[in-house]
Every structure is written in C-alpha cells, then in structure tokens.
Protein chains: 2
Amino acid sequence: MKLAEIYMQFQSDITIIEKELETTVQAKNDILQEAATQLLKAGGKRIRPVFVLLAAKFGQYNIEDLKHIAVPLELIHMASLVHDDVIDDADLRRGQKTIKSKWDNRVAMYTGDFIFGKAVETSTFFSDPKIHQILSNAMLEMCLGEIEQIRDQYNWGQNFRVYLRRIKRKTALLIAVSCQLGALAAKADQQIQRGLYQFGYNVGMSFQITDDVLDFVGTEKQLGKPAGGDLRQGNVTLPALYAMHHDVEIKKLVKDMLATNYPENIDISSILNAVKQSGGIEYSIEISDQYLKKAYEALERLPDTKEKTYLREIATYIGKRKF
Amino acid sequence: MKLAEIYMQFQSDITIIEKELETTVQAKNDILQEAATQLLKAGGKRIRPVFVLLAAKFGQYNIEDLKHIAVPLELIHMASLVHDDVIDDADLRRGQKTIKSKWDNRVAMYTGDFIFGKAVETSTFFSDPKIHQILSNAMLEMCLGEIEQIRDQYNWGQNFRVYLRRIKRKTALLIAVSCQLGALAAKADQQIQRGLYQFGYNVGMSFQITDDVLDFVGTEKQLGKPAGGDLRQGNVTLPALYAMHHDVEIKKLVKDMLATNYPENIDISSILNAVKQSGGIEYSIEISDQYLKKAYEALERLPDTKEKTYLREIATYIGKRKF
C-alpha cells in the first residue's frame, strides 16, 4: 500500500487534528497569530500525529482523546523548528521564509516559546501524570540535543557516538514518544507501548541519518534550500564524519575552507564531492538501514494487524526516501 | 515586622525550595549545567516561592507538596529572564554577566527552553489538571507580554492602557498565580484563592511600575546596570509615557535622540532629567500606590492571620522600595 493511501485511511481524523492545531495556536496578538499560522500552513508530513493514530489502533482508539496527544507532539516539533532556525540562522525552510527571516530572532524565540506553552496547555486534557512526564522529558531531551549541536559545531574531531546521541535527542526521541503516547493514551498493553517506542526510536534514527545524507546529495529544488547547508553551518553529520575519519586530506579541506570569515558564501561543491567520493554516503545509508531493520524487528513482536503493515510502509518510506 | 524577619520565619522551607531548585536544574550537559547554576547562584528575592508559602498558610500547609509549585513558578520566572536578556541584548543582570553575554544568544535561548521544560516536568507532581492549566496559561500570557514588548518598542505614541496590559502579562500575572496556586495546592477555599489572586495581581502591577520608576531614578550601583536602560532600548514605560503625553518637546527629544544608529552609546541624561521634571515620576508613583491600595483591600477580605500581616508587609516593601 502506498503512503498516500495510508494517509487516506486516516483522512478524517487527520483533518480533526489539523483543525485542533489551528484552534490551539489562536493568539490574541497579530504577530504571534500570523507567525503561528504561517508555520501551520507551511505543512509538513504530520508524521508524529500519524504515528500517534497508528499506535493507538493497538488499544482503544478514540480520536477525541488522541487529538490532545497528537497536537502537543506536533507543536513541540514545530516550536523546535522555529528555535532551530534561529540557531542555524536559516532564511528558508521548506522553500518558505522562516519566522526569523520574516520578522527577527526575537519574534522567532517568543513564537517558539508560545507554541511550547500551547503544547503544554493542550496536554492538560489528560490527568495521567505519566503522559506529562513523558512529554516534558521529550522537550528536555530536545533542548539537550540542541545545546549539544551548538557545542559540537565546527568540531571536526567528534566521534560517531556523539553524533548518534545528538540525533537521538534532537529527532528520534520525539518520534519514539509519539508512538509510545499513542499506545498509552489508548491504554494498550505495556509491552505494546514499549515495542512501539522501540519502533519509533529506530525509525527516528533512520529518518535523521537519511535527512543528513540528503543534505549532501539532494538538489536545491528537492531540499527547498541549497545542498551542503549542514556543513556550511558547521554541523558535522555522519557522511562528513565518515569522510574526515577515513581521509585526513578531506578533514584539512573542510577545516581550511570553513575557517574563512563567511563560510556561508563560499563554494563548497569540492567538499561535497570529496565527501561523496569517500564512501561516506554509502556508509551512512548502511547505518540508516540497520536502524530501519531494528524498527522492523520491533514491529514483528507486535500483534498482526493492518496498522502494523502501515507502520512498516511508513518506516520504509521515511528511511529510504530520496528527498 | 521587617522583611528579613518574615523570611526568617520561613527559613527552613525556603532552604528546602532552594535545594529542590538546585536538584531540578541538574543537566547532563556542561554548558546547560553551568548556565543554570549561575542563574540560581545569582539569587534574587525568591518572591514567588515566598508568596506560595504565605498563601498556603490559608489552607493545609505541607512543604513537600508546596515545593513542587514554588519551584516551577521560580523556574518560569528565571527562564523568562534569560529570554528577556536576549531581547534586551543585556550584558548585565544584577551586576553579573548574563548567559547571552557569557556564551551567546543561542545558548541563552536553549537554557531558557530547558528551564521552561524543567518547570513543566516538576509540576507533573500534581495530578490536578487545574494547576497545570493555570501554570501553562501564565507561561502563555508571559509570551504574549514579551511579544507585545517587541511590537511596542520605539513606539512613542502608545497609550497608557497598552503599557498596563503589557506589564500585567509580563509581571503581574505570575505573581497573582503564585498566590493563587499556593492557596489551591493547600486546598484553601475558592474565595480565599480568588482574594489572594487579586492581591498578587495588584502587588505585581505596583512592583513593575516601581521597577520602571527606579530605572529612571536609581543609581548604577542600586540597579546593577546604568539608569535609563529601558529608554535606551526603546522600552516605553509609564514615567516616559506621562512625560511625552504632557510635553511634545520631550517627545521630540526622545524620538530624535533615539533615532540615531547607536542609541545604546549616547548620553541620555538630558532626557532622563526632562522626564523627571515632567512630573512623570510622581504620577507613576501615584499609580503604583493605587495598585498597592487595591492589594491591601484584597487582603482585608481574607481571614485575620499573622500571614496576612506578612503579606501586607511584603506588598509595602515591594511597592515602595527605593532600589
């Protein structure tokens, strides 16, 4: 079954979540309202809400409960993107102007804060403290991931473990928690909750590594921004790590080129090519595939349902996507 | 009774809260840990926790419950200060280097996010959704206040109502909520909760107006930063609003002077003097006193206890303080 068909199956419930997202970010302030609406309109795959819905099918599925877990998860993701764009000094996201470029960094900071606050407010629907603990923990780990990214910027000597821990915190955990909370809110068995968490974590890792690969091999049209952005901003991801680890010449090239004053304006196509020729792309795809395999394994331990096959489809799509 | 004596009465419980604050901001990351610890060590009056404790005395006082409400309130306050320093581009706070000056704006942003997250995490101790709703609403209103401050910056034509709504959101609400939640966590009567909220709101308004007055009349030593900082950053507060409303000459002076490229470096002593001579200081003190009076009135409707006299003392101290 194709991805679009899976989405179609949940069309009406995704629409309910979309409406709830819109209602939730209503603000009594024009700038905030406009900034938040722009973020919503920019779209995105709503992958976290979809994971919530699919996971909940392993328990007692009730969209009126579930929307209150899907919305905060998507909002936390959105808020982190806004704050991320400040860090990355990014002017474009998905081909559109970012909040920080349309207004400024200060507006981006408070728009992010506002959306975080709305995420917390929405989740107060649930009285189970465990849900709040899992959500706030996910927020905290994401902050740690972001601070680590700042700390590790332009550090060309970091090891693979540091990279993997960072993407776990930045990306994989929120996807893991989306699967876990969908199951928890639907009162599925503990073991199912754990299995779905494992699935989400491994899908998230595969997703981020694929993202990092695409930043090297994607076209500007596919990415909605020029390729090599990570490297230009000093973010060392797996393909570059591999290349620099196996070829000191590349390491020197990267260090020298990015030691210039305006690394954002320089032509880094020679570095991109060197990384591509080092085998770093193939290696990264292999690691991504290993996580994907672990995600499949986590699924195997779950009851055989059609949602299980959907989860497998989405995982494959995410891990193997070409843009 | 003097303020120090009131604090002495709660010494052991304030110590418990202080320890809980320290434990709460423990982070698995050096930068975050150092930044958060520095914030804690910088001190402050811990006025919000003290209000929680005093308010709880009108119900069933239990410090082991109360610390879980005092800590998130203080953390939300601290996080807002960190993000505030980014907005104000402030290098000093209470005479110490700010996070954004010691590290950078990006670290300040994520330190703030982290502390917000910790506030949410700590409050999960309570299962009463009302507590979470009140807390998240306070966070949201503070964001609105901050965004309004950005919007209103350098807007010399804003009216008094806009100023009052902004300081309500930025300052008064969190103090109101501290009093309310102390009473709520201690299961005090609804009417007492409402009375304490009213008290806190009016104290908070008086507090912020006094703060804004001190920015004009305080010495650098008293303020821990040079006087006139608000004006220099384009933040229009009550004394300046009054002056510009009553004297078009002052309005022109302010506009012209701050239209220069580097308003932070110019000598604004002539503007400060003009505001002082306009009667804006006396007017602002009068408004602050009116709020203080309303705070006293809210107290009068509460049962006669020694904590009521303490609250009155603290309100007077806060509203009438000279630095």
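Being a predicted model, the structure only gives us computed values, none of them experimental. In what follows, chains carry the letters A, B, and so on, assigned in the order in which the sequence lines appear, proteins first and then strands, with residues in each chain numbered from 1. Basis for what follows: all heavy atoms, side chains included, without hydrogens, waters or symmetry-related copies.
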If one checks every heavy atom of B/Glu141 against chain A at 4.5 Å, the contacting part turns out to be side chain

Less than 4.5 Å apart, side chain to side chain, heavy atoms only: is that true for B/His132 and A/Val120?
no

Please classify the contact of B/Phe114 with chain A as side chain, backbone, both or neither, using a heavy-atom distance under 4.5 Å.
both

For the candidates B/Asn29, B/Asn137, B/Asp30, which exhibits the highest count of non-hydrogen atom pairs separated by less than 4.5 Å from chain A?
B/Asn29

Rounded to the nearest 0.5 angstrom, the CG-CZ distance for A/Leu140 and B/Phe116 is 12.5 Å

With heavy-atom distances below 4.5 Å as the criterion, would you say the side chains of B/Asn105 and A/Asn105 are in contact?
no

Report yes if the side chains of B/Thr124 and A/Ile131 come closer than 4.5 Å at any heavy-atom pair, otherwise no.
no

Which bit of B/Lys130 comes within less than 4.5 Å of chain A, counting heavy atoms only: side chain, backbone, both or neither?
neither

What distance do B/Phe126 atom CZ and A/Ser127 atom OG have between them, rounded to the nearest 0.5 Å?
15.0 Å

Which residue out of A/Met142, A/Arg151, A/Lys118, A/Glu148 racks up the most heavy-atom pairs below 4.5 Å with chain B?
A/Lys118

Side chains of A/Glu121 and B/Gln133, heavy atoms from C-beta outward: is any pair under 4.5 Å?
no

Is there a donor in the side chain of B/Arg106 and an acceptor in the side chain of A/Gln149, or the other way round, less than 3.5 Å apart?
no

The reported gap from CG in B/Leu32 to CD in A/Glu146 (rounded to nearest 0.5 angstrom) is 11.0 Å

Rounded to the nearest 0.5 Å, how far apart are CG of B/Asp113 and NE2 of A/His83?
5.0 Å

Which heavy-atom pair separates A/Ser136 from B/Gly117 by the least distance, and what is that distance?
CB-O, 4.1 Å

Drop me the distance from A/Ile147's CD1 to B/Gln33's CD, to the nearest 0.5 angstrom.
12.0 Å

